Amino acid sequence: GSLASGDMDADTAQVQAKDILRSLDHSSGQGHTLAALGRDYLDMVERRQACEGLSQALPTKLVDLDRLLGGGFRPSEFVIIAGRTSQGKTALALTVLTNVAKQGGRCLLFSLEMSAAAMYHRMLAVSSGVPLAQIRDYNPDESHWPPVLQGVAKLTHLDVEIAPKEVRSVQRIVAYAQAHHDRAPIDLIVVDYLQQIKGGGGDNRQLEVARLARELQDMAMALDVPVV
């Protein structure tokens, strides 16, 4: 039957489309047929209509960034934040991670340049609004104590884990993320940063970094989780 009947309402057309797709032979081994993908798409349309606001996009809560990303990060995406040294790449990544966690997301952070404590100090500075220097020196002004305590309380309730410093090779990163994801689904993985991942020690570091990026992209697709 045709899907383009002029006198057919949207609900009827949607039901008819799904019936047609179900009738198609979609046996093709382990691959994904267009018929199966079409059914999945229509299922998502129905779910969004039944539950207003349901979306695969994971908002960063940074308005301009979400607008550019079409609503936020999506499952299986591999995103690279690029920029020169000291341009705020880590700060941006941590802001995104914290915002996702504040929405109830479960996040995993691999910090290959800084210690877990140093990462926490940065997150606490953002959460409390207290200068990083005072946070890092464990010596906030008396007036800053209330926001520091409030910041600690806010971070305590976020589901964020920082992987141990021994996890530095791409193989260990993938294995750790997989084990973590198996225990409970992860919503966002952040790796800070790509060039610090231990490689195979080849002569061409540029090719090595490209290979590492491909392996992280494969991890994003395998886990169906955005990786930044």
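We use all heavy atoms of the structure for the numbers below, so side chains are in, but hydrogens, waters and symmetry mates are not. Bear in mind the structure is a predicted one, so any value in this text is a computation, not a measurement.
Heavy atoms only, all atoms of each residue included: Leu97 and Met123 are closest at CD2-CE, 3.9 Å. Closest non-hydrogen pair, Ala57 versus Gly72, comes out as CB-N, 4.0 Å. Of all non-hydrogen atoms in Pro75 and Pro226, the two that sit nearest each other are CA-CD, 3.9 Å. The two residues Arg122 and Ala91 make their nearest non-hydrogen contact at NH1-N, 4.2 Å. Between Met114 and Ala118, the shortest heavy-atom distance links the atoms CB-CB, 3.9 Å.
Side-chain atoms of Tyr176 and Glu161 include a donor-acceptor pair closer than 3.5 Å. Judged purely by distance below 3.5 Å, without hydrogens or angles, the side chains of Gln134 and Asp141 pair a donor atom with an acceptor atom. With no hydrogens or angles considered, no side-chain donor-acceptor pair links Asn99 and Thr60 at under 3.5 Å.
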TODO: For side-chain contact (heavy atoms from CB on, under 4.5 Å), just list the numbers for Val190 and Leu94, CA-CA rounded to whole Å, side-chain angles, deciding distance to a tenth of an Å, and then say yes or no.
DONE: CA-CA 8 Å; Val190 173; Leu94 287 180; 5.9 Å; no
Open item on the list: With side-chain contact (heavy atoms from CB on, under 4.5 Å) as the criterion, how do Leu108 and Ile162 come out once you've worked through the C-alpha distance, each side chain's angles and the decisive distance to 0.1 Å?
Closed with: CA-CA 6 Å; Leu108 179 59; Ile162 302 176; over 6 Å; no
TODO: Begin from the C-alpha positions of Val225 and Asp187 and carry the test side-chain contact (heavy atoms from CB on, under 4.5 Å) through to its verdict.
DONE: CA-CA 6 Å; Val225 172; Asp187 296 293; over 6 Å; no
- [ ] Could you walk me through whether Leu155 and Tyr120 pass the side-chain contact (heavy atoms from CB on, under 4.5 Å) test, one step at a time?
- [x] CA-CA 9 Å; Leu155 294 179; Tyr120 181 81; 3.7 Å; yes
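Few gaps surround CZ on Arg183; more than 12 heavy atoms of other groups in view lie less than 6.0 Å from it. For CZ of Arg168, the number of neighbouring non-hydrogen atoms (other residues, nucleotides, ligands) closer than 6.0 Å is greater than 12.
Here the side chain of Asp66 pairs no donor or acceptor atom with the backbone of Pro59 at under 3.5 angstrom. A donor-acceptor contact shorter than 3.5 Å links the side chain of Thr156 to the backbone of Val152. Side-chain N or O atoms of Arg172 include one that pairs as donor or acceptor with a backbone N or O of Glu166 at under 3.5 Å. Judged purely by atom type and a 3.5 angstrom limit, His121 has no side-chain atom pairing as donor or acceptor with the backbone of Ile135.
Counting heavy atoms from C-beta on, the side chains of Leu223 and Gln178 come closer than 4.5 Å. Leu216 has its side chain within reach of Val170: a pair of non-hydrogen atoms, C-beta onward, lies under 4.5 Å apart. In this structure, the side chains of Lys89 and Tyr193 stay at 4.5 Å or more apart for every pair of heavy atoms. In this structure, Val227 and Val79 have side chains that are not in contact, with every pair of non-hydrogen atoms separated by 4.5 Å or more. Taking 4.5 Å as the limit, every side-chain heavy atom of Ile189 sits out of range of all side-chain heavy atoms of His180. Within the 4.5 Å cutoff, the side chain of Thr98 has heavy atoms near those of the Lys102 side chain. Considering only heavy atoms from C-beta on, Thr90 comes within 4.5 Å of Met119 through its side chain. Counting heavy atoms from C-beta on, the side chains of Val228 and Val191 never come closer than 4.5 Å.
Rounded to the nearest 0.5 angstrom, Leu132 CG and Leu124 CG are separated by 9.5 Å. For the atom pair CG of Leu112 and CG of Leu194, the computed distance is 9.5 Å after rounding to the nearest 0.5 Å. Interatomic distance, Ile197 CD1 to Glu208 CD, rounded to the nearest 0.5 Å: 10.0 Å. A distance of 5.0 Å separates CG in Leu188 from SG in Cys107, rounded to the nearest 0.5 Å. Atom CZ of Arg211 sits about 12.0 Å away from atom CG of Asn204, to the nearest 0.5 Å. Here the CZ atom belonging to Arg214 is positioned 11.0 Å from the CZ atom belonging to Phe78, to the nearest 0.5 angstrom.
There is no path of hydrophobic side-chain contacts, each under 4.5 Å, that joins Ile80 to Leu207. At a threshold of 4.5 Å between side-chain heavy atoms, the hydrophobic network of Ile, Leu, Val, Met, Phe, Trp and Tyr places Leu92 and Val126 in two separate groups. By the rule that hydrophobic residues join a cluster once side-chain heavy atoms approach within less than 4.5 Å of another member, Met221 and Phe110 end up as members of separate clusters.
For the pair Arg106 and Asp159, the salt-bridge criterion is met [side-chain N within less than 4.0 Å of a carboxylate O].
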